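Working notes, beginning with the structure itself.
Just the heavy atoms: all of them, side chains too, but no hydrogens, waters or symmetry mates, feed the values below. As the structure is a prediction and not an experimental result, all values here were calculated from the model.
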Amino acid sequence: MNKRASFFPVRYRMVLGTFILSMIVLFDRILISVAKDPVASDLSLSDKEMGWGLSIFALGYALFQTPSGYLADKYGARKVLTVVVSIWSIFTAITGVVYNFFALLIVRFLFGVGEAGAFPGMARAIFKWIPVKERGLVHGINFSGGRIGAAIALPIVAWLINLVGWRMSFVILGGIGVLWALIWFWWYRDNPKNHKSMTIEELVIIDEGIQEKGKNKSPILFKRMFGSRTMWLLMIQYFCSNFTFFFCLTWLFPYLKAKYNLDVVEAGFYSSAPFIFGALGNWFSGWMVDFVYKKNKWGLSRKLPAIIGFTLATIGIIASVYMNEVNGAVIFISLAVFGADMTLSPSWSTCLDVGKEHSGTVSGTMNMAGNLGSFFTALAFPYMMAFAGSHTPFFFLAAGLNLIAIPIWLSIKPEKALHLTT
């Protein structure tokens, strides 16, 4: 073991790796949204069929969150992230060879199944490597990686599709994911003590900052987890948060392009703005979580950022409806995404608080509910438009869900751990 102090601690290098993974996650997710028009044209798909193509990913992603979190807790983030990143990257590439609607549904569902292990696996890595007092900002950094990835992806992917076509674009991004998986397996260790670059000083910081010494070998009782009021409150509020954000990953690009008569590159740049504000929301919220926690206000450090975030999301969504030009609409949608993303760091920090050694399973279960919200978003947008003849009801539904989440957070108790074993 190297005993010399490091200028850039090893645990932060791990965070850099998960930050890059978060960028890859959102790159792969948003590609099909940018490619919506050529995919729909080549496969002869209607908007409703494209809605299913966009949403089926979220269904596979949601259903396999809890199993993926359980596997991360059992086998560790090294093996699980290597496997799941490889799986979804392969199906990202395979998306480029689909030939009809049903093939698209199958491949995108399996892509979602693979990607389900991403954030629960990261949560497990954070639990083992990052002290409690640093977790808020680390979660914020990780989720901001996704937002920055999405913001960068929109114009770059639009350019890439124009350059090599939508099919080859999926193959290229799939290859990038496989490369990350190989590097992660080579570098990361589930126990920081086993990493050859870890110093004695950094191990002391990590050891003093974790919630439990040693490992709880008792198996989790899912009946207790799903019977927990706290678990259900976390699931419901995350459903509300994801309903807003997933609109940006699926329908924002085609919505702005059609409503304001933009070309592909213009739509890409305008659609990227909310993701930049989402990254800022993650950083600000992560800083606030840690700042308030260090004031010995554990519960408030989770509640305050989440409540502020859901309030801003509600205001931003409603205001965007009344904007008649693209700049005003994008400004208020960006405010909504800034607020929605402020809820992520407190949500995932709370999962680690209450889940402890079962943090992967608990965070995966919360993320399952959140991505059921994502599933309904991608379908609700085209179906509500077809039913009402207007996008307005969809935006008011999203605002209402954000409003509901505010009193839910007042009832969550992050300091009270879940009792999930015998």
Side-chain angles (χ1 to χ4, degrees), residues 22 25-26 29-30 54-70 72 84 111-113 115-123 139-140 142-147 150 225-226 228 230-251 275 278 281-282 285 302 305-307 309-310 313-314 317 336-337 339-355 359-381 397-406 408-409 412 414:
S22 296
V25 167
L26 271 295
R29 284 192 205 177
I30 208 166
L54 295 170
S55 67
I56 199 69
F57 153 81
L59 182 61
Y61 187 77
L63 294 178
F64 282 82
Q65 284 292 313
T66 301
S68 296
Y70 174 78
V84 300
F111 166 63
V113 170
E115 202 169 274
F119 288 104
M122 288 186 226
H139 281 301
N142 275 341
F143 283 105
S144 75
R147 279 49 181 171
M225 184 176 70
F226 286 107
S228 164
T230 297
M231 188 74 257
W232 279 100
L233 292 174
L234 287 169
M235 291 165 66
I236 293 169
Q237 64 86 28
Y238 211 60
F239 179 100
C240 299
S241 174
N242 275 27
F243 192 92
T244 296
F245 179 72
F246 203 71
F247 163 72
C248 295
L249 284 180
T250 52
W251 287 106
F275 294 107
N282 273 290
S285 177
R302 276 56 171 158
I307 291 171
F310 278 117
T314 304
I317 289 172
V337 175
D341 272 18
M342 278 192 67
T343 70
L344 301 189
S345 180
S347 296
W348 287 77
S349 294
T350 300
C351 285
L352 270 62
D353 294 336
V354 301
S359 57
T361 308
V362 172
S363 60
T365 302
M366 180 191 71
N367 208 22
M368 173 188 70
N371 282 279
L372 288 175
S374 301
F375 172 72
F376 287 114
T377 300
L379 289 177
F381 188 77
L397 172 60
L401 289 172
N402 283 297
L403 200 60
I404 289 170
I406 294 172
I408 289 176
W409 263 102
I412 293 174

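- Among residues at least two apart or in separate chains, salt bridge (charged side-chain N to carboxylate O under 4.0 Å, His left out) pairs with a member in residues 341-351 are Arg147-Asp341.
- Contact of the Phe119 side chain with the Gln65 side chain is not registered, since no non-hydrogen atoms from C-beta on lie closer than 4.5 Å.
- Judged as a ring-ring contact (aromatic ring centres under 6.0 Å, His included), and not counting sequence neighbours, the contacts of Phe57 are Tyr61, Phe111.
- Partners of Thr377 according to the side-chain hydrogen bond (donor to acceptor under 3.5 Å, both in side chains) rule, which considers only residues two or more places apart in sequence or in another chain, do not exist here.
- Taking all atoms of both residues into account, the shortest heavy-atom contact from Met342 to Gly281 is CG-O, 3.6 Å.
- With sequence neighbours left out, Ala336 forms a side chain to side chain contact (heavy atoms under 4.5 Å, CB included) with Ile317.
- Of all heavy-atom pairs spanning Cys248 and Phe275, the tightest one is O-CZ, 3.4 Å.
- Considering only residues two or more places apart in sequence or on other chains, Thr244 meets the side-chain hydrogen bond (donor to acceptor under 3.5 Å, both in side chains) condition with Asn402.
- Distance check: Ile404 CD1 to Phe243 CZ gives 11.0 Å after rounding to the nearest 0.5 Å.
- Interatomic distance, Ser349 OG to Leu344 CG, rounded to the nearest 0.5 Å: 10.0 Å.
- Listed by chain and residue number, Thr66, Met225, Phe226, Met231, Met235, Thr361, Met368 satisfy the side chain to side chain contact (heavy atoms under 4.5 Å, CB included) test with Thr365 (two or more places apart in sequence, or in another chain).
- Looking at Pro346 and Ser285, their side chains come closer than 4.5 Å, going by heavy atoms from C-beta outward.
- Looking at residues two or more places apart in sequence or on another chain, you find a side-chain hydrogen bond (donor to acceptor under 3.5 Å, both in side chains) between Ser347 and Gln237.
- Across every non-hydrogen atom of Gly278 and Val337, the tightest pair is CA-CG1, 3.8 Å.
- Between Asn282 and Gly140, the shortest heavy-atom contact is CB-O, 3.2 Å.
- Annotation: ring-ring contact (aromatic ring centres under 6.0 Å, His included) contacts of Phe381 (sequence neighbours excluded): Phe247, Trp251, Tyr255, His391, Phe394.
- With values rounded to the nearest 0.5 angstrom, Trp232 atom CH2 is found 14.0 Å from Ile412 atom CD1.
- Closest approach of Gly364 to Pro120, counting heavy atoms only: CA-CG, 3.7 Å.
- Judged as a side-chain hydrogen bond (donor to acceptor under 3.5 Å, both in side chains), and not counting sequence neighbours, Thr350 has no contacts.
- Taking every heavy atom of both residues into account, Cys351 and Leu234 meet most closely at SG-CD1, 4.3 Å.
- To the nearest 0.5 angstrom, Ile307 atom CD1 is 11.0 Å from Ile408 atom CD1.
- Annotation: side chain to side chain contact (heavy atoms under 4.5 Å, CB included) contacts of Val84 (sequence neighbours excluded): Val80, Leu81, Trp88.
- Here the side chains of Trp409 and Leu233 are not in contact, with every heavy-atom distance at 4.5 Å or above.
- Remark: the backbone N or O of Asn142 is paired with a side-chain donor or acceptor of Ser22 at under 3.5 angstrom.
- Residues forming a side chain to side chain contact (heavy atoms under 4.5 Å, CB included) with Leu372 (at least two apart in sequence, or on another chain): Leu59, Ala62, Phe239.
- Between Val113 and Leu63 the shortest side-chain heavy-atom distance does not fall below 4.5 Å.
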